[in-house]
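To keep things clear, I will list the structure first and then write my remarks on it.
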Amino acid sequence: MAAYDYDLFVIGGGSGGVRAARVAAALGKRVGIAEEYRFGGTCVIRGCVPKKLFVYASQFPEHFEDAAGYGWTVPQARFDWPTLIANKDREIARLEGIYRNNVQGAGGETFQTRAVLVDRHTVRLEAEGRTITADQILVATGGRPALHPALPGHEHCITSNEAFHLAELPKAIMIEGGGYIAVEFANIFHGLGVATTLVYRGTEILSRFDMDLRRTLHETMETKGIRILCHSISEKVEKRPDGRLDVTVTGGEVLTVDQVMLAIGRTPNTEGLGLEAAGIETGVTGAIEVDAYSRTNIDNIWAIGDVTNRVQLTPVAIHEAMCFIETAFKDNPTRPDHETIATAVFSQPEIGTVGLSEDEAVKRFDEVEIYRATFRPMRHTLSGRQEKMLMKLVVDAKSRKVLGAHILGPDAGEMAQLLGIPIKAELTKDDFDRTMAVHPTAAEELVTMYKPTYRVKNGKRID
Ligand code: NDP
């Protein structure tokens, strides 16, 4: 081992890379980690964390409106975008410091540089103009927003990266895509007072989610004032003399906006990493190919997180890092488990979901019971807001196992985290039924829906 400078060298200081470096260092391994931009990666620097801060910012106008029903008179509110950006940046800088310190505190060495593989044991640190050697190498370089070179005028468009640093809040924005990022940002911008249009090529937004949630969220967003065009794409983006943008969408309509944001997926960061020099294979999307233990085709080089394009979620990258540590350093080969991952979309209202959607379940099981409730959350009784909450459990009629839970409404993400436990543990609807409700909460619906709303037998709905 001492033949190499490091036992482990990690390329990429995001959630996955930092976790692996920190834990390996705490085990007494000689660890180095290189990050070319900022420690913390997509999640901390320009993803989950700043996004959630923006979500909070964008919710205040509705809170101000809702306050009236509870007797409050709220004076005319004013919003200052530069204040939000500055405060967000301060918080991100604080978190970045924590990430870096965590590695150093555990005894790891951090490098602020791009790192490139020279061969299977050698890494060049570009900013330092030198190479180091390592016994094990972990690639955790993440991904970046996909660009759209086929779209005429794509150079005028921004992605989520730029959305976190706009000098001015646009008056009108068009967002292309119907996934997590498009939907979350449509709600953020709308909440901040921006005229927002979402343009999605498919039939219904959020293609990987339960159809009930998708439809109900779509309707609710439209009721709030977000324009959603499905079966639509932008065909060209042209800059006008006044600096605004004209976007021609399917059917010929021209939308005049201040910004066009592309949210059409993310691309793994694998270019210029020296993968060819080290002999590492990539797949069709450019992602690094790994086996069930996150090992590449080169047996001392591993890859985790978005660069492998398995499931692009922060907790998944962290889990993959922990499994990598078990496998590589604790003699305990451990495969990451990518089944039944609870997730949230921080739309407004929020989505929290875990397990199979109704459509997936009816394909896999002969008979499925659907328990479904829609109601006005208690908070909205006095506020007068008409928004409905939706809860749905998908149950296998034969085994009684709860296969999926889908929630749309306030705190749905928090509920999904907790529902992840019984659903991962494969508990049954009877276990839910004998669980006492917590009253008065919205979540109590999850344990008080005693009768199926309908069943689906061999693909046919029975009411
Ligand atoms: P998604 O994969 O969620 O969505 C991409 C969207 O872009 C889809 O609606 C897709 O359509 C559409 N699309 C793809 N290519 C084109 C194209 N050429 N023209 C027009 N539309 C196109 O990606 P995101 O960028 O929203 O997010 C990336 C990942 O980041 C997510 O998969 C998620 O894992 C993660 N993320 C998680 C969050 C969370 O946990 N809350 C928040 C934000 C991101 P179609 O449906 O037809 O394929």
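Because the structure is a prediction, the values reported are computed rather than measured. Each ligand, and each atom within it, is numbered from 1 in the order the structure gives.
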Looking only at non-hydrogen atoms, the one of Tyr200, Phe209, Phe346 nearest atom 46 (O) of ligand 1 is Tyr200
Could you check Arg240 against Asp242 for salt bridge (charged side-chain N to carboxylate O under 4.0 Å, His left out), going step by step and ending with a plain yes or no? CA-CA 5 Å; Arg240 296 157 37 119; Asp242 63 1; 2.9 Å; yes
Please could you name the atoms of ligand 1 that Leu313 approaches to less than 4.0 Å, counting only its heavy atoms? 34 (O), 37 (C), 40 (O)
Need the ligand 1 atom indices (1-based, order shown) with element for anything under 4.0 Å from a heavy-atom of Arg266. 28 (C), 30 (O)
Look at Arg38 together with Glu96 and state whether they make a salt bridge at an N to O cut-off of under 4.0 Å. yes
Any side-chain to backbone donor/acceptor pair from Thr308 onto Gly305? Under 3.5 Å, distance only. yes
Before you tell me yes or no, could you show the steps for Tyr99 and Glu35 under side chain to side chain donor-acceptor pair (under 3.5 Å), namely the whole-Å CA-CA distance, both residues' side-chain angles and the distance that decides it to 0.1 Å? CA-CA 11 Å; Tyr99 266 68; Glu35 166 58 47; over 6 Å; no
With a cut-off of under 6.0 Å to the ring centre and 45° to the axis, is Lys429 in cation-pi contact with Tyr371? yes
Which segment of Ser160 sits under 4.0 Å of ligand 1 when only heavy atoms are counted: neither
According to the interplanar angle, ranging from 0 to 90°, do the rings of His338 and His319 count as parallel (below 30°), tilted (30 to 60°) or perpendicular (above 60°)? perpendicular
Taking only heavy atoms of Gly178 into account, list the atoms of ligand 1 that are under 4.0 Å away from them. 6 (C), 8 (C), 9 (O)
For Arg208, counting its heavy atoms only, list the atoms of ligand 1 lying under 4.0 Å from any of them. 1 (P), 2 (O), 3 (O), 32 (O)
Heavy atom under 4.0 Å from ligand 1: found in Gln312's side chain, backbone, both, or neither? both
Once the angle between the rings of Phe60 and His63 is folded into 0 to 90°, is it parallel (under 30°), tilted (30 to 60°) or perpendicular (over 60°)? perpendicular
Of the protein's non-hydrogen atoms, which lies at the shortest distance from atom 37 (C) of ligand 1, and what is that distance? Tyr180 CD2, 3.4 Å
heavy-atom search around atom 7 (O) of ligand 1 in the protein gives Ile264 CA, 3.2 Å
Proximity winner for atom 26 (O) of ligand 1, if only heavy atoms of Val199, Ile181, Ile341 are counted: Ile181
Heavy-atom distances under 4.0 Å decide this one: backbone, side chain, both or neither, for Ser207 against ligand 1? side chain
Taking only non-hydrogen atoms of Glu184 and a 4.0 Å limit, the atoms of ligand 1 in range are 41 (N), 42 (C), 43 (C)
Check whether any heavy atom of Gly265 sits under 4.0 Å from an atom of ligand 1. yes
Provide, to 0.1 Å, the distance between atom 4 (O) of ligand 1 and the closest protein heavy atom, together with that atom's residue and name. Gly179 CA, 3.3 Å
Closest to atom 6 (C) of ligand 1 (heavy atoms only, candidates Cys43, Ala263, Gly202, Ala182) is Ala263
Suppose we measure from atom 19 (N) of ligand 1 to each protein heavy atom; which comes out shortest, and what is that distance? His148 NE2, 3.9 Å
Who passes ring pair (Phe, Tyr, Trp, His ring centres under 6.0 Å) against His154, sequence neighbours left out? none
Answer yes when Lys88 and Glu91 have at least one side-chain N-carboxylate O distance shorter than 4.0 Å, and no when they do not. no
Which ligand 1 atoms are under 4.0 Å away from a heavy-atom of Glu176? 20 (C)
Those atoms of ligand 1 less than 4.0 Å from some heavy atom in Lys51: 41 (N), 42 (C)
Provide the full list of ring pair (Phe, Tyr, Trp, His ring centres under 6.0 Å) pairs with a residue in residues 163-182, sequence neighbours left out, each pair given once. Phe54-Phe164, Phe164-Phe185, Tyr180-Phe209
Among all protein heavy atoms, pick out the one at the shortest distance from atom 17 (C) of ligand 1; state its residue, atom name and that distance to 0.1 Å. Arg201 NH1, 3.6 Å
For Ala344, the ligand 1 atoms whose distance to one of its heavy atoms is below 4.0 Å: 39 (C), 40 (O), 41 (N)
Can you tell me if NZ on Lys424 sees more than 12 non-hydrogen neighbours from other groups inside 6.0 Å? yes
If you measure from the Lys or Arg side-chain nitrogens to the Asp or Glu carboxylate oxygens, is any gap between Arg215 and Glu219 under 4.0 Å? no
